[in-house]
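Here's the structure, in structure tokens; my notes come after.
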Number of protein chains: 2
Amino acid sequence: MSAPERPLRADARRNRESVLDAAGELFAQRGDAVQMDEIAERARLGVGTLYRHFADKQALLAAIIGRRFEAMTALARAADETEDPWTAFETLLHGYLEAAQADAAFRFALLGPEEPRWSDIAAEKTDFAEITERVVRRAADAGRLRADFSAQDFTLITRGAMANMTGTGDWRRYVTLLLDGIRHRPGS
Amino acid sequence: MSAPERPLRADARRNRESVLDAAGELFAQRGDAVQMDEIAERARLGVGTLYRHFADKQALLAAIIGRRFEAMTALARAADETEDPWTAFETLLHGYLEAAQADAAFRFALLGPEEPRWSDIAAEKTDFAEITERVVRRAADAGRLRADFSAQDFTLITRGAMANMTGTGDWRRYVTLLLDGIRHRPGS
DNA sequence: TAGGAACCGGAGTTCAGGTTCATCTTATGG
DNA sequence: CCATAAGATGAACCTGAACTCCGGTTCCTA
């Protein structure tokens with residue numbers, strides 16, 4: 001399958017890192033609206049160098065989003081290690097949203113019309129889905145989440161929150177509403 | 001201020017309508033990704049004619065979104081005429097979302113990063129905000145919505161639902177979760 | 001029903017931004 | 001320390017899509 005794969009030359013490895021760092025920061029701030037030239041400039045490299053390491057803009061973006069999904073997976077794994085099921089769920093939910101808040105590229109990717117491409121890529125490379133599934137199930141089984149709550153519902157509410165991160169909306173308030181429900185119940 | 005404003009020539013008026021219809025339909029399907037040439041073709045007109053009636057693509061899009069906001073306002077007004085406060089609220093919420101579901105341009109506009117430009121335009125030209133405010137307040141005062149529910153919360157949940165209309169998410173399920181809350185309450 | 005203002009059409013222009021490639025530079029193994 | 005393959009560079013190129021422009025057409029009024 002794969003060729004002998006001689007390791008990258010030292011400068012190449014360094015430059016690759018620079019590109020990833022620069023792109024990560026810029027994409028996080030402004031999504032895919034950033035231009036390749038900007039990334040090159042911030043990385044103090046020529047555009048050509050970006051293209052030596054990544055086939056095109058999409059590939060670079062994919063690398064960045066992949067990174068984020070890895071971080072999310074670590075987060076989920078950590079949450080899953082919490083013993084209390086509800087705390088585990090809340091930790092995951094808040095950690096996920098906090099991270100999403102800091103990363104516009106991630107949000108746009110998951111909210112944009114090209115989904116579900118990204119989730120599929122994430123599923124191939126990480127266990128995020130499985131771990132989330134487990135965390136959700138634990139909370140539901142423990143009777144702390146409505147019994148029919150599923151991992152898909154996690155995606156649903158997560159998308160909703162992210163949609164309220166651009167502009168003036170207060171997404172924390174939104175999460176509160178979701179957790180409690182907006183309809184008044186005389187009992188309880 | 002305004003010039004004598006001779007009325008449009010018959011063909012011009014007709015063509016303007018064609019443009020609006022074509023653009024409305026295409027924008028609704030695919031958001032602002034549609035090209036001016038496509039709109040012209042569907043309207044059976046030259047591109048030049050589009051530009052005679054609308055300064056640029058943004059202006060055309062604004063006209064379309066304005067139309068939608070007018071429809072939304074009519075909807076809100078109708079809901080406000082329902083006597084039961086909860087029914088009024090539900091009618092507005094579902095009507096709004098059903099309409100949003102059918103109009104990608106509207107969704108993208110409200111979810112995109114250029115918000116709150118659109119809401120401001122809407123506020124200038126329609127009473128949507130005021131009427132919604134009233135409907136929400138009525139439901140809250142009647143004790144059918146959590147007491148601290150505000151018109152901003154309407155925007156919040158509405159955005160969340162629209163974010164789940166692209167792709168595979170089931171936004172009706174999402175609304176259910178919001179209305180009921182996802183946390184299990186032993187009491188009630 | 002003629003004159004002319006208003007309007008239309010769509011090939012061509014412009015421009016922004018992604019991508020290439022001929023040439024120069026540098027790391028590395030011997 | 002050299003030879004050389006790997007890597008870097010950025011001006012030039014290409015593409016696609018918004019927009020312009022002017023010769024031809026149509027409506028309207030007197």
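To find a chain, count down the sequence lines: A is the first, B the second, and so on, and within it residues start at 1. Fair warning: this is a prediction, and the values are worked out from it, not measured in the lab. Note that these values count all heavy atoms, side chains included, but never hydrogens, waters or copies made by symmetry.
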Round to a whole Å and report the spacing from [atom1] of [X] to [atom2] of [N].
X	N	atom1	atom2	value
A:Leu50	D:dG7	CG	P	15 Å
B:Asp37	D:dC19	CG	P	11 Å
A:Tyr51	D:dG7	OH	P	19 Å
A:Phe54	D:dA8	CZ	C1'	15 Å

Sidechain-backbone polar pair: B:Arg107 side chain, B:Ala100 backbone, donor-acceptor under 3.5 Å: yes
Donor-acceptor contact present, side-chain A:Thr126 to main-chain A:Phe128, <3.5 Å: yes
Salt bridge (charged side-chain N to carboxylate O under 4.0 Å, His left out) involving A:Glu133 - partner list, sequence neighbours excluded: A:Arg137
A:Asp127: salt bridge (charged side-chain N to carboxylate O under 4.0 Å, His left out) partners, not counting sequence neighbours: A:Arg77
B:Arg138/B:Asp84 ion pair, N-O < 4.0 Å: no
Salt bridge A:Asp170-A:Arg172, side-chain N to carboxylate O under 4.0 Å: no
Those residues of residues 19-33 of chain B lying under 4.0 Å from DNA chain D by at least one heavy atom: none
Contacts of B:Phe69 that satisfy ring-ring contact (aromatic ring centres under 6.0 Å, His included) - sequence neighbours left out: B:Phe106
For A:Phe154, ring-ring contact (aromatic ring centres under 6.0 Å, His included) partners two or more places apart: A:Tyr96
Most 5' of B:Arg52 and B:Gln58 on DNA chain D, judged by nearest nucleotide: B:Gln58
Pairwise 5' ranking along DNA chain D for A:Asn15 and B:Asp56, keeping only the more 5' one: A:Asn15
If every non-hydrogen atom of [X] is compared with every non-hydrogen atom of [Y], which pair is closest and at what distance?
X	Y	answer
B:Ala163	A:Leu111	CB-CD2, 4.0 Å
A:Ala62	A:Trp118	CA-CZ3, 3.5 Å
A:Leu61	A:Ala105	CD1-CB, 4.3 Å
A:Ala161	A:Leu97	CB-CD2, 3.7 Å

Contact list for residues 39-60 of chain B, test ring-ring contact (aromatic ring centres under 6.0 Å, His included), sequence neighbours left out: none
Start and end of chain A contact along DNA chain C [non-hydrogen atoms, under 4.0 Å]: C:dG17 to C:dT28
Summary of salt bridge (Lys or Arg N to Asp or Glu O under 4.0 Å) pairs that have at least one residue in residues 31-40 of chain A, sequence neighbours excluded: A:Arg30-A:Glu38
Contact list (N/O, under 3.5 angstrom) for nucleotides 26-30 of chain D vs protein:
from	atom 1	to	atom 2	distance (Å)
D:dT26	O2	B:Arg9	NH1	3.2
D:dT26	O2	B:Arg9	NH2	3.2
D:dC28	OP1	B:Ala10	N	3.0

A:His53 side chain near D:dG7 phosphate (N/O to OP1/OP2, under 4.0 Å): no
Give me the distances for all protein-to-nucleotides 11-17 of chain D N/O pairs that come in under 3.5 Å?
from	atom 1	to	atom 2	distance (Å)
D:dA17	OP2	B:Gln35	OE1	3.2

Helical bend (five base pairs per end, nearest 10°) for the helix from C:dT1-D:dA30 to C:dG30-D:dC1: 10°
Any pair counted as side-chain hydrogen bond (donor to acceptor under 3.5 Å, both in side chains), so long as it reaches residues 14-26 of chain B, sequence neighbours left out: B:Glu17-B:Arg67, B:Glu25-B:Arg42
Output field: ring centroids B:Trp171/B:Tyr174 closer than 6.0 Å: no
